[in-house]
2 protein chains.
Amino acid sequence: MAIKDNNVSMNLFRDKCKEHNLRITPQRTVIYKELHKSKDHPSADAIFRKARKVFPNISFDTVNRTVLTFAKIGLVNVVEGCGGPKRFDSDTESHHHLRCIKCNRIIDFHNKDYDSMEIPDEIKNKFTVLRKRVCIEGVCSKCR
Amino acid sequence: MAIKDNNVSMNLFRDKCKEHNLRITPQRTVIYKELHKSKDHPSADAIFRKARKVFPNISFDTVNRTVLTFAKIGLVNVVEGCGGPKRFDSDTESHHHLRCIKCNRIIDFHNKDYDSMEIPDEIKNKFTVLRKRVCIEGVCSKCR
DNA sequence: AACTATATAGGAATAATTCCTATTTGTCAA
DNA sequence: TTGACAAATAGGAATTATTCCTATATAGTT
């Protein structure tokens with residue numbers, strides 16, 4: 001038996017689907033399971049390749065639509081900034097970003113407390129740090 | 001005369017180009033000027049549309065190659081996470097991200113100090129905040 | 001002014017995502 | 001349990017973003 005009924009995250013999946021009147025299909029079930037297993041922030045294509053091992057006929061569109069649906073109901077999050085075209089920032093000084101998830105506007109802000117936050121040593125040891133930034137996501141005044 | 005020789009940022013542009021043996025072409029000049037004027041974190045396509053008003057024959061590839069070159073030499077930055085496919089995160093609890101700019105790996109980390117940082121009131125008033133995250137960019141242990 | 005390596009224009013190719021539509025299938029109510 | 005139907009899926013087409021290719025043009029040096 002692949003899916004345990006007493007698995008907490010599968011219960012969350014079922015509850016969230018019911019709450020939003022989404023049907024519990026085998027495709028959605030396997031997509032959610034793969035998302036939940038992945039610790040590497042997979043793309044829709046990565047989930048597609050895994051899901052195809054279980055359902056060889058599953059379409060990419062189904063996977064893509066499903067992960068976006070999951071993001072909409074809060075079962076998963078889209079990693080900040082991902083997707084869409086590359087965007088460029090001519091301000092190379094330390095600053096922070098406010099992102100509107102509706103219009104994709106990115107607003108710069110400055111904050112000395114944020115600038116002066118220390119990076120933990122265990123990160124500095126394992127990782128060559130180039131930049132540090134606080135990203136706040138939400139809905140801007142124009143969109144709400 | 002469109003470009004003032006005493007303009008600080010244009011001098012930076014020229015110095016950086018010389019430092020990296022990049023020729024100062026009219027195309028690069030206009031692309032840099034447009035990037036520097038833009039406060040809205042433009043995409044390559046947005047810069048292309050502006051540059052085309054000055055040089056109607058400029059190609060998208062030139063603009064795209066140029067903004068990426070500028071990013072490589074540090075004249076501009078790519079906004080964190082932008083470009084590439086959307087990626088999904090099944091951990092909906094508060095956590096932070098370490099990104100490797102070489103392999104695009106995203107590594108989760110937890111930090112209570114970061115979690116407890118306050119969001120300034122002037123942001124809370126103008127913006128419906130959904131998430132706050134610290135993004136650290138650099139090079140991971142495998143890539144360096 | 002001529003030379004040469006670099007940069008550009010334009011179009012083709014690739015990658016990521018979304019749209020379209022005929023068919024299938026969960027779910028609900030009898 | 002079964003039938004009805006709205007919702008979901010598969011597969012392919014279309015769209016969007018980006019990169020590659022190559023012949024031509026040109027910045028910077030001599």
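We name chains A, B, ... by the order of the sequence lines, and we start the count at 1 in each one.
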Linking I/L/V/M/F/W/Y whenever any side-chain heavy atoms sit under 4.5 Å apart, do B:Leu35 and B:Val54 land together? yes
Is it possible for you to say whether B:Leu75 and B:Met10 belong to one hydrophobic cluster, with membership spreading through side-chain heavy-atom contacts below 4.5 Å? yes
Any B:Thr62 side-chain nitrogen or oxygen under 4.0 Å from OP1 or OP2 of C:dA9: yes
Given atom CG of B:Asn21 and atom C1' of D:dT29, what is their separation to the nearest angstrom? 12 Å
Relative to the 5' end of DNA chain C, which residue comes earlier, B:Arg65 or A:Gly83, by the nucleotide with the nearest heavy atom? B:Arg65
Between atom CD1 in B:Ile24 and atom P in C:dT6, what is the gap in whole Å? 16 Å
If you look at every strand shown and take non-hydrogen atoms under 4.0 Å, does A:Pro26 touch a base, only sugar-phosphate, or nothing? sugar-phosphate
Between atom NE2 in B:His20 and atom P in C:dA7, what is the gap in whole Å? 13 Å
Atom CZ of B:Phe55 and atom C1' of C:dG10 are separated, to the nearest Å, by 17 Å
Please state how far atom CZ in B:Arg52 lies from atom P in C:dA9, giving the value in whole angstrom units. 11 Å
Categorize B:Asp45 for me: base, sugar-phosphate, or nothing, with a 4.0 angstrom heavy-atom threshold over every strand shown. nothing
If only side-chain N and O atoms of B:Asn64 are considered, is one of them under 4.0 Å from the OP1 or OP2 phosphate oxygen of D:dA17? no
Among D:dA7, C:dA7, D:dT9, which nucleotide sits nearest the side chain of B:Arg28? C:dA7
The side chain of B:Thr66 is closest to which nucleotide in this list: D:dT9, C:dT8, C:dG10? C:dT8
Euclidean distance, atom CZ of residue B:Phe60 to atom C1' of D:dT19 [Å, nearest integer]: 9 Å
Given that A:Ile58 and A:Pro85 both sit by DNA chain D, which one's nearest nucleotide is further toward the 5' end? A:Ile58
Is there a donor-acceptor contact under 3.5 Å linking the side chains of B:Arg28 and B:Thr25? no
Please tell me whether B:His95 and B:Asp115 have a donor and an acceptor in their side chains that are separated by less than 3.5 angstrom. no
Has B:Gln27 got a side-chain N or O lying under 4.0 Å from the OP1 or OP2 atom of C:dA9? yes
From CG of B:Asp61 over to P of C:dG11, roughly how many Å is that when rounded to an integer? 13 Å
Assign each of A:Thr25 and B:Gly84 to its nearest nucleotide of DNA chain D by heavy atoms, then name whichever residue's nucleotide is nearer the 5' end. A:Thr25
Nearest-angstrom distance from the residue atom CZ of A:Arg49 to C1' of C:dA16: 13 Å
Any ion pair linking B:Glu80 and A:Arg99 (charged N to carboxylate O, less than 4.0 Å)? yes
D:dT19 OP1/OP2 closer than 4.0 Å to side-chain N/O of A:Lys86: yes
Can you figure out which of D:dT19, D:dG28, C:dG26 approaches the side chain of B:Arg23 most closely? D:dG28
